[in-house]
Amino acid sequence: MPARIVLGVGAGIAAYKACELLRLLTESGHQVRVVPTPGALRFVGEATWAALSGQPVTASAWDDVHEVAHVRLGREAELVVVAPATADLLARAAAGRSDDLLTAVLLTARCPVVFAPAMHTEMWEHPATRANVATLRARGCLVIDPASGRLTGADSGPGRLPDPAELYAVAVAALARGTAGGGPDLAGRRVVVSAGGTREEIDPVRFIGNWSSGRQGYALARAAAARGAKVSVVSANVGLADPAGAEATHVVSARQLRSAMLAAAAGADAVVMAAAVADFRPEARSDVKIKKTGAAPEPVRLTQNPDILRELAAAREPGQVIAGFAAETDNVLANGRAKLAAKGCDLLVVNQVGPGLALGTGDNEAVVLGADGSETPVPRGPKEALADVVWDLVAARLTAQPG
Ligand code: CTP
């Protein structure tokens with residue numbers, strides 16, 4: 001559904017990345033009004049925003065006064081996305097100031113508001129910025145944690161604006177939640193998601209792997225971030241940009257995934273194992289490439305990997321919700337029920353796998369089984385939709401406990 005969106009742009013160099021976000025929003029049919037701060041126009045000029053949005057661009061509340069733009073734009077907006085949000089802009093928004101058009105719009109908007117901060121690490125970590133972010137989050141705004149990596153100068157650390165396509169995904173998720181009347185119901189919660197498929201090395205050039213793309217796990221991470229959670233994603237061999245708002249740890253093998261998951265799960269409210277974990281690994285990894293000799297090759301002897309989901313469920317902290325996925329080719333529901341009991345988790349998303357189904361595709365169809373006997377069918381649809389059902393079920397199980 002096309003929506004009226006305000007794209008607020010702060011005075012940071014990452015403003016150039018907001019051009020890409022704007023294109024993604026307009027190409028999907030949304031009507032976007034760009035409201036840069038006056039300083040942001042030093043980085044990307046008015047002509048660029050006007051051409052890309054097909055709409056007039058105003059930065060000052062003193063322009064087009066007869067239109068009372070600061071009230072109209074805020075009132076009419078169905079989503080406000082601020083990218084990049086600088087430390088100064090966060091401070092002014094938290095203080096409720098209205099010294100330019102964007103901050104005035106933020107005061108008049110009653111729709112979901114998403115801030116994507118970008119700044120140098122020191123500024124992001126400063127207690128003043130932390131307090132401003134906490135204030136905005138407490139008011140129901142979604143403030144996405146910045147990505148880590150190379151910043152404007154030679155420095156690197158948390159402070160980068162996430163990939164525009166990832167920001168777009170979070171923005172449309174927040175828009176959809178706002179339209180459906182849902183807010184950031186996971187605010188104050190910390191969740192951990194595993195994604196992708198492990199690789200078990202045979203020698204320096206070969207491995208045993210699987211077809212998992214990581215898209216379902218990343219959709220879960222993104223959806224949780226869009227609902228206000230603090231998200232850790234443990235990613236096994238995923239060839240996608242890190243999900244916006246999530247802290248990503250990259251691993252290769254099942255044993256590395258296990259260590260990263262056990263560490264991340266400590267103190268978390270919910271853990272979702274969406275990764276496809278290799279059940280077996282070669283008993284021994286050759287340090288050198290195994291050569292053809294002309295004779296029949298040596299068989300690769302396998303040994304069993306730890307069952308991470310079972311371990312997480314057995315070690316679960318009081319109140320922690322543990323969810324897993326089950327890939328089944330046949331007897332889907334019966335196998336799923338048996339697996340839920342064997343793993344000891346609270347929720348198990350059961351889907352059928354096979355040619356063209358689930359693994360490596362954009363769509364998913366599933367039944368979510370609950371340890372309480374519940375069954376929630378999820379019709380075939382985007383992995384984002386399944387992700388939201390999983391978080392609905394997790395959130396319902398968390399609400400009994402204090403955040
Ligand atoms: N899983 C895990 N550790 C493993 C294997 C699987 O944590 N060594 C998790 C997966 O992340 C998933 C769930 O267990 O959430 C079920 O995975 P699945 O491959 O369907 O089940 P398996 O336990 O491997 O059982 P089987 O292959 O016998 O069906």
Side-chain angles (χ1 to χ4, degrees), residues 191-201 207-221 224 232-238 249-266 268 270-283 302-316 320-354 357-361 364-371 376 378 383 386-387 389-391 393-394:
V191 306
V192 185
V193 178
S194 69
T198 63
R199 290 181 182 175
E200 311 299 324
E201 286 189 70
F207 59 82
I208 298 173
N210 59 67
W211 290 112
S212 175
S213 63
R215 274 189 268 177
Q216 183 62 66
Y218 276 27
L220 280 155
S232 303
V233 61
V234 180
S235 166
N237 312 298
V238 178
T249 305
H250 296 272
V251 298
V252 176
S253 69
R255 285 182 296 172
Q256 290 168 353
L257 182 70
R258 173 183 173 273
S259 312
M261 286 303 288
L262 291 178
V271 181
V272 181
M273 275 293 297
V277 184
D279 287 322
F280 310 103
R281 66 175 184 277
E283 206 170 63
L302 299 176
T303 187
Q304 198 156 329
N305 267 330
D307 188 325
I308 306 166
L309 179 58
R310 191 192 290 249
E311 203 171 333
L312 287 164
R316 79 148 71 59
Q320 199 173 53
V321 178
I322 311 279
F325 273 69
E328 302 294 340
T329 54
D330 57 319
N331 285 331
V332 177
L333 279 186
N335 286 347
R337 270 273 161 230
K339 199 172 278 186
L340 174 76
K343 303 269 184 182
C345 51
D346 303 292
L347 295 166
L348 193 72
V349 184
V350 187
N351 53 34
Q352 190 162 7
V353 290
L357 289 170
L359 284 187
T361 71
N364 223 340
E365 178 181 352
V367 178
V368 189
L369 304 177
T376 312
V378 187
K383 291 184 173 180
L386 175 56
V389 174
V390 171
W391 292 124
L393 295 169
V394 168

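Because only heavy atoms are used, hydrogens play no part in the values below, and waters and symmetry mates are left out as well, while side chains stay in. In what follows, residues are counted from 1 in the order of the sequence shown. Start at 1 and go down the list; that is how both ligands and their atoms are numbered.
Side-chain N/O atoms of Ser213 and Tyr218 include no donor and acceptor closer than 3.5 Å. Between the side chains of Asn351 and Asn364, at least one donor N or O lies within less than 3.5 Å of an accepting N or O.
Remark: Lys339 engages Glu328 in a salt bridge, criterion side-chain N to carboxylate O under 4.0 Å.
Among all protein heavy atoms, the one lying closest to atom 7 (O) of ligand 1 is Leu309 N, 2.7 Å. The protein atom (non-hydrogen) at minimum distance from atom 6 (C) of ligand 1 is Lys343 NZ, 3.8 Å. In this structure, atom 16 (C) of ligand 1 lies nearest to the protein heavy atom Phe325 O, 2.7 Å. Considering only non-hydrogen protein atoms, atom 18 (P) of ligand 1 sits nearest to Lys339 NZ, 3.4 Å. Looking at atom 3 (N) of ligand 1, its nearest protein heavy atom turns out to be Ile308 N, 3.0 Å. Among protein heavy atoms, the minimum distance from atom 27 (O) of ligand 1 is reached at Asp279 OD2, 3.1 Å. Nearest non-hydrogen protein atom to atom 10 (C) of ligand 1 is Ala275 O, 3.5 Å.
What you find for Ala270 and Gln320 is that their closest heavy atoms are N-CG, 4.5 Å. A pairwise comparison of heavy atoms in Arg310 and Asp307 identifies N-OD1, 3.1 Å as the closest pair.
Residue Pro306 has at least one heavy-atom neighbour below 4.0 Å for each of these atoms of ligand 1: 3 (N), 4 (C), 8 (N). With ligand atoms numbered from 1 in the order given, ligand 1 contributes 15 (O) to contacts under 4.0 Å with heavy atoms of Gly324. Within the listing of ligand 1, atoms 20 (O) sit less than 4.0 angstrom from a heavy atom of Ala326. Set against the non-hydrogen atoms of Asp307, the atoms of ligand 1 under 4.0 Å away are 2 (C), 3 (N), 4 (C), 7 (O), 8 (N).
Distance screen at 4.0 Å: atom 21 (O) of ligand 1 has a protein heavy-atom neighbour inside the cut-off.
For the side-chain contact (heavy atoms from CB on, under 4.5 Å) with Ile322, the qualifying choice from Val394, Leu348, Asp346 is Asp346, the only one to do so.
Within the 3.5 Å criterion, the main-chain N or O of Lys383 finds a donor-acceptor partner in the side chain of Gln216.
Around atom CZ of Arg255, no more than 12 heavy atoms belonging to other residues, nucleotides or ligands sit under 6.0 Å away.
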